[in-house]
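Written out below as structure tokens is the structure these notes cover.
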2 protein chains.
Amino acid sequence: MKPIVREYLDTLSGLSPLSPQTRELLLNCISTRTISKGELLLEHGEVCKHIYYVDKGLMRIFYYKDKRDITEWFAGDKQFLFSVRSYFEETPSKLIIEALEDSEVILLSKEKQEVLIKTNLEVANLMIKAFSYSLILSQKRMESIQFESAKERYVSLMEQQPEIIHKAPLQYIASFLGITQETLSRIRSKI
Amino acid sequence: MKPIVREYLDTLSGLSPLSPQTRELLLNCISTRTISKGELLLEHGEVCKHIYYVDKGLMRIFYYKDKRDITEWFAGDKQFLFSVRSYFEETPSKLIIEALEDSEVILLSKEKQEVLIKTNLEVANLMIKAFSYSLILSQKRMESIQFESAKERYVSLMEQQPEIIHKAPLQYIASFLGITQETLSRIRSKI
DNA sequence: CATTCCATTTGACATTTGTCAAAAAAAGCA
DNA sequence: TGCTTTTTTTGACAAATGTCAAATGGAATG
């Protein structure tokens, strides 16, 4: 077993305890992918069939709104990501996932995981934890967008995910914050 | 068993199949509460220990930001709601839940539900579905807030939850949309 | 029915953010 | 290194939304 897969299973165990037997079962749901800067992990129109985990690197999840590219989320080292609506509703994804750096990603197959949760309590409890955690993140992001000014959101981002500020181009950060790049540039110059 | 509890169990079964035995077990996690207009279902600072289901009525979830009252969500007939972060993180809730009408609410105890999911696969799968569904809702709301104008958000609300427009005071709708009541009033007058 | 209390609307003006164009800076490539 | 392309910054102005104050309207109450 690759060391990064072992570490990944450890991470999952950290969410909810997993016995050696269950870890063995999960191995069968897991694959890894090396992806180069600029490549897509999930294309527009594709159904999202995995939950991704960025072992190392930086991914961006975005979509097009009126031909304009809008960043919805960044995921750096040791973070999970997936196209929520496509994954659950099994519909073509409007969201696109691209690598902003050469990255190493671990994929958890939805199909296989869904077979497991029907029979394995540990995996079921793991998924409950995973989705709960996603829900908290989504909630935090919602609160941030709804009632912070552009400047406050930028400051929050600097505090919470400083690596994004350094690694991602300004235009991506701007759309993530829900503002134009000009506005972000001006905010930046005043800090 | 009260008929509304039976219907509630049917609703849950609709999310993920539940055997008669499991329904019996869930009964022990369920309580009901009648709540009058203006009363609070969850107070500020209280830890949210239930997932609520509005059998009949209308609830509002809100918080105070700089002494200003901000509506985060409405839940009408047959909808679920809870204070996400307080529930999962078991922290004092910043969110307050109040009844905008006399309502009938069903409560699902977190404590008892968490015991069940450790041993019962059906309940575990039910919770997975429930949280997945919440995650989709949260995601949709996020998309709406992030990249629709105030006017678009108002139109979406009219389409998706028209009863809110009729039942809730304008000021609550305005903060839910992330705008001031004056702006909403002006948007309204132009439609 | 009159009065009081809120909720809503309107007006005038301020602030924030967006748009478009151009300049400057940085990054990529021959 | 020098050239080209892309990204970021800056300026001028427009549009959207916020703020504050006052006017209006409606509901509740004595």
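Below, chain A is the first sequence line, B the second, and so on; all start at residue 1.
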What is the distance, rounded to the nearest whole Å, between atom [atom1] of [X] and atom [atom2] of [N]?
{"X": "B:Q171", "N": "C:dC5", "atom1": "CD", "atom2": "C1'", "answer": "13 Å"}
{"X": "B:Y154", "N": "C:dT8", "atom1": "OH", "atom2": "P", "answer": "11 Å"}
{"X": "B:L170", "N": "D:dG26", "atom1": "CG", "atom2": "P", "answer": "14 Å"}
{"X": "B:R188", "N": "C:dT10", "atom1": "CZ", "atom2": "C1'", "answer": "15 Å"}
{"X": "B:K37", "N": "D:dA27", "atom1": "NZ", "atom2": "P", "answer": "12 Å"}
{"X": "A:I187", "N": "D:dT8", "atom1": "CD1", "atom2": "P", "answer": "15 Å"}
{"X": "A:K167", "N": "C:dA27", "atom1": "NZ", "atom2": "C1'", "answer": "18 Å"}
{"X": "B:L184", "N": "C:dA7", "atom1": "CG", "atom2": "C1'", "answer": "12 Å"}

Nucleotide of [options] approaching [X] most closely (side-chain heavy atoms):
{"X": "A:E182", "options": "C:dC20, D:dT9, C:dT10", "value": "C:dC20"}
{"X": "A:I179", "options": "D:dG18, C:dG18, C:dT8", "value": "C:dG18"}
{"X": "A:R186", "options": "D:dT9, C:dT19, D:dG18", "value": "C:dT19"}

Please determine, by modelled atom types, if A:N120 and A:T22 share a side-chain donor-acceptor pair under 3.5 angstrom.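 Looking only at side-chain atoms, A:T22 and A:N120 do form a donor-acceptor pair, the distance falling under 3.5 Å.
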Base, sugar-phosphate, or nothing: which does B:Q181 touch, judged by heavy atoms less than 4.0 Å apart?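 Base contact.
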Distance check: side-chain N/O of [X] vs OP1/OP2 of [N], anything under 4.0 Å?
{"X": "B:T183", "N": "D:dG18", "value": "yes"}
{"X": "B:T180", "N": "D:dG18", "value": "yes"}
{"X": "A:S185", "N": "D:dT8", "value": "no"}

For B:A168 against B:I173, the heavy-atom pair lying closest together: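 Nearest heavy atoms, B:A168 then B:I173: O-CD1, 3.5 Å.
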A:R141 to A:F176 six-membered ring, cation-pi geometry met (6.0 Å, 45°):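 That pair qualifies as a cation-pi contact.
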Residue that, paired with A:D55, satisfies salt bridge (charged side-chain N to carboxylate O under 4.0 Å, His left out) out of A:K78, A:K2, A:R6: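 Only one of A:K78, A:K2, A:R6 forms a salt bridge (charged side-chain N to carboxylate O under 4.0 Å, His left out) with A:D55, namely A:K78.
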Could you go step by step and tell me if B:K167 and B:R60 meet the side-chain contact (heavy atoms from CB on, under 4.5 Å) rule? CA-CA 11 Å; B:K167 289 179 173 179; B:R60 176 172 83 107; over 6 Å; no
